[in-house]
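What follows is a single structure, written as structure tokens, with notes after it.
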There are 2 protein chains.
Amino acid sequence: MKEEFYTLKGYKIKNEEILSSSMEDYIEMIYRLSQKSDQVRVRELSLALNVQPPSTTKMIKRLAKENYVIYERYGCIKLTEKGRDIGSKLLERHRIIFDFLECLGVKENILEQTEKIEHAVNDEVLEKINELTKFLKDEILPF
Amino acid sequence: MKEEFYTLKGYKIKNEEILSSSMEDYIEMIYRLSQKSDQVRVRELSLALNVQPPSTTKMIKRLAKENYVIYERYGCIKLTEKGRDIGSKLLERHRIIFDFLECLGVKENILEQTEKIEHAVNDEVLEKINELTKFLKDEILPF
DNA sequence: AGAACATGTTAGCCAAAGCTAACATTCTAA
DNA sequence: TTAGAATGTTAGCTTTGGCTAACATGTTCT
């Protein structure tokens with residue numbers, strides 16, 4: 001199977017990605033906020049993601065339509081089972097990339113870099129990076 | 001300086017990124033094609049990027065307006081000095097990420113993963129990854 | 001209870017980057 | 001040299017995910 005070049009957008013179209021990067025960002029953040037407060041609201045989420053409330057409303061509607069969250073107007077946002085499963089995977093993915101960058105010694109914009117890279121990696125790469133980080137932490141960094 | 005979360009798009013807006021991912025993809029590919037044929041045309045570029053010709057025309061116009069390429073209707077596409085500088089950096093970035101993934105033992109969709117990750121990393125991360133790959137190749141993999 | 005404030009929603013705009021259909025130009029070869 | 005094929009362009013549509021302005025709803029305090 002020959003591998004071919006595409007533009008970034010081209011890969012998205014070709015793979016018919018189910019979750020856009022933005023959808024992932026919102027779900028991941030809802031998951032994070034749910035762990036603390038259990039009462040996630042539009043305003044809170046908007047602040048956390050540095051986005052204006054109408055953008056959040058719009059995205060929440062979409063996530064609700066696709067069954068990642070349960071929401072009713074003026075109410076609070078709850079992840080469904082499906083949303084929670086994905087949320088925890090996304091958070092784990094975030095953690096793996098963050099740890100890797102930290103272990104690499106990255107100093108500047110480490111959160112931003114994590115957020116960008118996490119959307120790019122697939123399961124295989126994530127797993128390899130995870131193993132590599134463990135290896136570096138256990139066998140290399142101590143010396 | 002506190003680091004905050006943004007959506008992917010949010011980072012782009014906030015950092016006022018000069019080159020979009022797509023622009024990078026086109027410049028990188030023009031650079032690659034220039035190395036072989038010197039005569040880069042819309043059709044060739046469209047095929048290489050798996051994009052329809054009108055998309056290429058549109059992007060080339062934009063790249064020309066911003067002085068990355070020189071182009072006139074129905075003619076062939078040439079990188080400017082500025083375009084060439086960036087092109088070579090983009091190709092080097094591609095190479096570094098590809099080598100890293102290869103050295104990680106990634107087997108599936110390695111090109112696609114390279115193409116996605118390369119847009120995400122900044123200079124610092126790229127440099128660290130480069131060093132890490134060299135280290136792995138020299139000190140670890142041989143054993 | 002009702003005023004004022006906080007929060008949420010709607011409508012409608014924008015840019016990016018794809019696409020198709022229709023048209024224009026250039027090249028090739030009879 | 002002119003017809004047809006190949007290539008390129010234009011116009012205009014689509015989706016995504018932001019934004020602001022204006023409006024709606026809920027909450028709180030006097």
Side-chain angles (χ1 to χ4, degrees), chain A residues 5-30 33 37 39-66 68-78 115-116 119, chain B residues 5-30 33 37 39-66 68-78 115-116 119:
Chain A
F5 284 91
Y6 289 82
T7 59
L8 242 209
K9 183 159 192 175
Y11 283 120
K12 286 177 192 158
I13 293 170
K14 169 181 164 249
N15 298 341
E16 292 169 16
E17 285 178 13
I18 0 87
L19 246 40
S20 68
S21 296
S22 275
M23 289 167 80
E24 289 186 347
D25 284 326
Y26 282 89
I27 293 177
E28 189 182 317
M29 186 56 81
I30 296 167
L33 294 174
S37 53
Q39 283 280 79
V40 184
R41 321 201 97 255
V42 168
R43 183 180 145 74
E44 204 187 347
L45 187 50
S46 306
L47 284 173
L49 287 172
N50 279 284
V51 136
Q52 294 302 311
S55 305
T56 300
T57 299
K58 197 195 269 185
M59 181 57 87
I60 293 304
K61 277 183 178 171
R62 184 166 167 207
L63 293 177
K65 202 191 302 172
E66 300 184 26
Y68 296 104
V69 300
I70 291 167
Y71 184 64
E72 52 187 38
R73 295 160 97 254
Y74 303 102
C76 66
I77 304 158
K78 276 198 166 304
E115 294 262 292
K116 286 181 172 179
H119 294 297
Chain B
F5 285 90
Y6 289 82
T7 60
L8 243 209
K9 186 161 187 172
Y11 282 119
K12 285 176 194 160
I13 294 171
K14 169 181 165 250
N15 298 341
E16 293 169 15
E17 285 178 12
I18 0 87
L19 246 41
S20 68
S21 296
S22 274
M23 289 166 81
E24 289 186 348
D25 285 326
Y26 282 89
I27 293 176
E28 190 182 317
M29 187 55 82
I30 295 167
L33 295 174
S37 52
Q39 282 282 78
V40 184
R41 322 202 97 255
V42 167
R43 183 180 146 76
E44 205 187 348
L45 187 50
S46 306
L47 284 173
L49 287 172
N50 279 283
V51 135
Q52 296 302 312
S55 306
T56 300
T57 299
K58 196 197 268 185
M59 180 59 86
I60 292 303
K61 276 182 178 174
R62 185 168 166 207
L63 293 177
K65 202 193 302 172
E66 300 184 26
Y68 297 104
V69 301
I70 291 167
Y71 184 65
E72 52 187 37
R73 296 160 96 254
Y74 302 102
C76 66
I77 304 160
K78 278 199 166 302
E115 292 263 293
K116 286 181 172 179
H119 294 296

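Throughout, protein chains are lettered first and strands after them, A, B, ... in sequence-line order, and every chain is numbered starting at 1.
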Take atom [atom1] of [X] and atom [atom2] of [N], then tell me their distance rounded to the nearest Å.
X	N	atom1	atom2	answer
A:L8	D:dT16	CG	P	17 Å
B:Q39	D:dT7	CD	C1'	14 Å
A:K12	D:dG17	NZ	P	8 Å
B:K58	D:dT10	NZ	P	12 Å
B:M29	C:dA17	CE	C1'	17 Å
A:Q52	D:dC19	CD	C1'	7 Å
B:E66	C:dA15	CD	P	14 Å
B:Y71	D:dG8	OH	C1'	6 Å

Just to confirm, is there a sub-4.0 Å distance from OP1 or OP2 of [N] to any side-chain nitrogen or oxygen of [X]?
X	N	value
A:T57	C:dG8	no
B:S20	C:dA17	yes
B:R62	C:dA17	yes
A:Y26	D:dG18	yes
B:K61	D:dT10	yes
B:Y11	D:dG17	no
A:T7	C:dG18	yes
B:S22	C:dG18	yes
A:R73	D:dG26	no
A:R43	C:dG8	no

Rounded to the nearest 0.5 Å, what separates atom [atom1] in [X] from atom [atom2] in [Y]?
X	Y	atom1	atom2	answer
A:T56	A:K61	OG1	NZ	12.5 Å
B:H119	B:E17	NE2	CD	11.0 Å
A:D25	B:Y6	CG	OH	13.0 Å
B:L8	B:I13	CG	CD1	11.0 Å

Is a donor on one side and an acceptor on the other found under 3.5 Å between the side chain of A:N50 and the backbone of B:F5?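 Side chain of A:N50 to backbone of B:F5: a pair is present.
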- Query: B:R41 side chain: which of D:dA21, C:dC19, D:dG8 is closest?
  - Reply: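 That would be D:dG8.
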TODO: Look at the side chain of B:Y74 and decide which nucleotide, out of C:dA24, C:dG8, C:dG12, has an atom nearest to it.
DONE: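 Of C:dA24, C:dG8, C:dG12, C:dA24 is nearest to the side chain of B:Y74.
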Q | First encountered from the 5' end of DNA chain C, between A:G75 and A:G10 | A |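 Counting from the 5' end, the first nearest nucleotide belongs to A:G75.
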Select base, sugar-phosphate, or nothing to describe what B:Y6 touches, counting heavy atoms under 4.0 Å on all strands.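 Touches nothing.
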Is the shortest distance from a Lys or Arg side-chain nitrogen in B:K14 or A:E115 to a carboxylate oxygen in the other one below 4.0 Å?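 Looking at A:E115 together with B:K14, the answer is no, because their closest N to O distance does not fall below 4.0 Å.
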Handout entry: Any N/O donor-acceptor pair, B:K9 side-chain to D:dG17 base, under 3.5 Å
Key =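 Pair found.
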